[in-house]
4 protein chains.
Amino acid sequence: MSRTGPRRSESIRVAVLNAADDLLVEQGFAATTIEGIAARAGVAKQTIYRWWKSKVEILLDALADDALEGLAWAEPSGTAAEDLTAHLHRIAGFFQEPAGQVLQALLGHAQLDQGAAAALREGFLLRQRERDLAGLGAIIERHTGRTPDEENLARLTDLLLGPIYYRVLVFGEPADKDLLEATAHLTLKLAI
Amino acid sequence: MSRTGPRRSESIRVAVLNAADDLLVEQGFAATTIEGIAARAGVAKQTIYRWWKSKVEILLDALADDALEGLAWAEPSGTAAEDLTAHLHRIAGFFQEPAGQVLQALLGHAQLDQGAAAALREGFLLRQRERDLAGLGAIIERHTGRTPDEENLARLTDLLLGPIYYRVLVFGEPADKDLLEATAHLTLKLAI
Amino acid sequence: MSRTGPRRSESIRVAVLNAADDLLVEQGFAATTIEGIAARAGVAKQTIYRWWKSKVEILLDALADDALEGLAWAEPSGTAAEDLTAHLHRIAGFFQEPAGQVLQALLGHAQLDQGAAAALREGFLLRQRERDLAGLGAIIERHTGRTPDEENLARLTDLLLGPIYYRVLVFGEPADKDLLEATAHLTLKLAI
Amino acid sequence: MSRTGPRRSESIRVAVLNAADDLLVEQGFAATTIEGIAARAGVAKQTIYRWWKSKVEILLDALADDALEGLAWAEPSGTAAEDLTAHLHRIAGFFQEPAGQVLQALLGHAQLDQGAAAALREGFLLRQRERDLAGLGAIIERHTGRTPDEENLARLTDLLLGPIYYRVLVFGEPADKDLLEATAHLTLKLAI
DNA sequence: CACTAAACGAGACGGTACGTCTCGTCTTGTG
DNA sequence: CACAAGACGAGACGTACCGTCTCGTTTAGTG
């Protein structure tokens with residue numbers, strides 16, 4: 001016997017996530033307040049508090065939809081170097097998009113708040129880590145015929161993704177083409 | 001003709017920087033408020049606002065003293081690989097110390113606030129970048145006898161430091177020994 | 001042709017009135033919210049709003065049953081002074097009972113809300129006024145053989161009841177025995 | 001050594017009391033919210049909460065200035081009956097003025113809230129009671145040459161003021177001329 | 001004995017005000 | 001004139017109820 005009464009409104013959920021996204025891109029993280037989101041989404045504050053605990057949760061929700069796509073690995077389709085370089089470009093481009101800015105903000109906030117850090121990890125980063133390991137593993141396997149062991153794969157992933165995140169998070173600017181290619185080649189060199 | 005009246009009190013400056021440092025480590029960035037710093041330092045709020053524009057500036061000030069030391073490159077003293085690995089360990093250790101936590105917090109906040117990002121860049125990151133370029137350049141030069149050109153050196157620095165910052169900023173945990181060594185070796189391989 | 005479907009549930013009506021009564025006595029008027037009444041009565045909010053417009057209406061409903069009895073005039077049975085004094089004691093006692101507290105709260109709220117004042121007047125006070133006029137009139141008539149004219153009777157009623165309400169509403173405490181007796185005697189003195 | 005720093009702003013105090021007064025008269029007690037008072041007075045909410053605990057305290061403060069004057073006893077100047085009647089008219093008129101409406105609202109709210117009742121008692125009613133006892137006592141003394149004992153005086157005061165408050169608080173309308181005169185005469189009759 | 005049709009529980013929703021918190025500015029008197 | 005103390009305007013916080021609304025479910029009658 002399912003429960004009675006009205007169900008959670010999907011249109012509200014979407015409106016809130018969009019409002020949060022928009023505010024973050026337009027005004028930045030600090031100005032993205034629950035009140036602001038509520039006003040922008042045309043929704044009562046209490047309605048937001050009913051479904052989300054904090055703006056971090058909202059942004060995490062918003063991220064879940066968009067980032068999985070933006071950071072997805074394409075099917076291997078060329079040489080290993082081409083595939084890797086293409087993926088790095090994909091990442092660099094992602095951080096220019098709204099969803100990428102959301103991720104960047106959440107990563108920033110995670111440095112300042114243990115709880116947010118844990119939530120981001122559980123809600124997004126670990127999942128993404130799996131996909132990164134799998135994506136890189138698939139390319140290596142296709143190229144060498146062998147599946148790298150877990151430990152090596154993890155290390156290779158850090159080597160591959162480290163520099164690009166470093167440029168974005170520390171210097172606030174996307175990595176340039178040459179760096180991406182160098183990173184891809186170097187990672188491959190170690191992988192073989 | 002020098003002006004009359006009391007001059008800026010150095011003891012207040014130190015008390016404020018220490019209070020900020022302490023609060024950040026003990027309570028985190030969000031709880032490190034100007035009000036809190038003032039109370040902890042036994043100083044009036046207005047006095048702080050007279051000399052600093054924001055808590056970011058205070059922390060930047062605090063960082064200036066400590067981080068330059070914590071992230072300094074030692075004189076080359078062994079093989080290139082040894083020197084690089086040692087420096088990476090130094091960095092990893094730095095993020096466990098108070099000064100490292102201040103830097104981490106400022107990097108986090110920089111993702112959320114354009115102004116803070118610029119201030120951090122001007123006040124610390126660019127200076128540190130120079131030192132990283134110089135430090136890595138010196139090691140390569142000692143090993144190969146040749147000075148790498150600027151472009152290559154920048155790329156090598158990103159490859160070297162990227163993974164370690166990636167692990168700290170994205171996963172909130174220090175890079176493990178193996179990753180550090182792999183990074184150092186790989187960077188060297190490309191450098192030669 | 002009478003309509004189909006379930007009829008208004010009497011048990012709900014009683015449960016709501018009791019819940020309201022109880023809450024008022026236990027928690028006070030402000031804490032007597034529609035939500036609280038609904039929860040206490042085990043009833044949906046909408047069900048309450050279907051049958052009552054406000055908590056004032058609910059309390060008025062609750063009063064209707066009890067207060068008519070609590071403020072009723074007994075049959076004249078002794079000397080006029082005795083009867084009057086007895087009735088005043090009845091009133092003083094009434095304000096200690098739950099129903100009396102409900103009336104007191106409604107009188108209080110009526111000072112703050114024109115609509116509630118009107119509702120209380122229509123729903124209770126005017127009816128009670130009639131009964132007070134009649135009750136006092138009957139005693140005077142039995143004592144003097146004459147029926148006082150309306151205007152005089154109204155004035156006498158105000159003189160009789162004023163002090164006791166004054167003590168309750170202004171000082172929050174029941175009138176003492178001596179005041180009640182003095183009031184009764186004085187009213188009689190003027191009546192003759 | 002007196003303390004440093006800014007002092008409480010008297011102009012703010014006055015602005016808040018006036019705003020509260022105005023709102024109460026224009027919109028009623030329920031619509032007289034702290035937020036509304038703050039907005040109307042051009043003052044931050046926090047500033048209100050710094051100096052007053054609730055809107056009741058604000059209104060009490062507002063009352064303190066005005067009501068002492070509005071309910072003051074004039075110097076005896078005619079016959080006792082004239083003086084008493086004049087004072088009753090004064091009271092009746094007072095309830096038509098803003099200050100009177102404030103008192104009426106506070107009396108109303110006192111029925112609903114123990115704390116407010118106590119505050120009203122302490123902050124106003126007891127003081128006023130003293131003045132009423134003294135005022136009536138003075139008139140009686142001038143008329144009879146004797147000072148009534150305390151107990152009698154209290155009873156006489158209740159008899160004198162009861163009916164007029166009764167008409168206002170229970171029926172929401174001022175007592176008519178005849179009732180005031182009858183009350184005054186009757187009280188006097190008992191006093192002698 | 002279906003077939004209405006309203007009553008009912010549950011509770012989501014847009015609002016308003018609450019009382020609290022912290023911000024950055026401004027004001028006042030002391031050393 | 002730097003400083004402590006702290007009042008002040010501003011505005012977001014998270015909570016409590018408001019009164020309205022939408023859902024299934026339950027409960028009479030009517031045909």
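Excluded from the calculations below are hydrogen atoms, water molecules and symmetry mates; all remaining heavy atoms, backbone and side chain alike, are included. Just so we're on the same page: letters track the sequence lines, and every chain starts at 1. Every value quoted in this text rests on a predicted model; they were computed, and no experiment measured them.
- Residue B:I12 places its side chain closer to F:dA4 than to any other of E:dC13, F:dA4, E:dA7.
- For the pair A:E10 and C:S9, both in contact range of DNA chain E, the more 5′-proximal nearest nucleotide belongs to C:S9.
- A sub-4.0 Å separation between OP1 or OP2 of F:dG9 and a side-chain N or O of D:T47 is present.
- For the pair D:V43 and B:A44, both in contact range of DNA chain F, the more 5′-proximal nearest nucleotide belongs to B:A44.
- In this structure, A:E26 pairs ionically with A:R40, as a charged nitrogen and a carboxylate oxygen lie closer than 4.0 Å.
- A donor-acceptor contact under 3.5 Å is not formed by the side chain of D:T4 with the base of E:dT30.
- Summarising the geometry, the separation between CZ on D:F29 and P on E:dA17 is reported as 14 Å, rounded to the nearest angstrom.
- Atom CD1 of B:I48 is separated from atom C1' of E:dT25 by 15 Å (rounded to the nearest Å).
- When the C1' atom of E:dC23 is taken as reference, atom CD of B:E57 falls 17 Å away, rounded to whole Å.
- D:K55 pairs by the side-chain contact (heavy atoms from CB on, under 4.5 Å) definition with D:F29, D:I34, not counting sequence neighbours.
- A straight line from CH2 of D:W52 to C1' of F:dA7 spans 13 Å, rounded to a whole angstrom.
- As judged by a 4.0 angstrom heavy-atom cut-off over every strand, A:W51 is placed among residues touching the sugar-phosphate backbone only.
- A side-chain donor-acceptor contact under 3.5 Å links B:Q111 to the backbone of A:L169.
- E:dG24 atom P lies 10 Å from atom CD1 of B:I37, rounded to whole Å.
- Residues B:I58 and B:L17 approach most closely at O-CD2, 3.5 Å, considering heavy atoms.
- Counting non-hydrogen atoms of neighbouring residues, nucleotides and ligands closer than 6.0 angstrom, the CD atom of D:Q114 reaches no more than 12 such neighbours.
- Side-chain atoms of A:E57 come within 3.5 Å of backbone atoms of A:K53 as a donor-acceptor pair (strictly under, hydrogens ignored).
- Of the possible donor and acceptor atoms, none in the side chain of C:T47 sits under 3.5 Å from a partner among the backbone N and O of C:V43.
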Heavy-atom protein contacts under 4.0 Å, nucleotides 13-19 of chain F, coded B base, S sugar-phosphate only, - none: BBB-SBB
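- Phosphate contact (OP1/OP2 of F:dG29, side-chain N/O of C:R7, threshold under 4.0 Å): present.
- Checking the phosphate oxygens (OP1, OP2) of F:dC3, a side-chain nitrogen or oxygen of B:R50 falls inside 4.0 Å.
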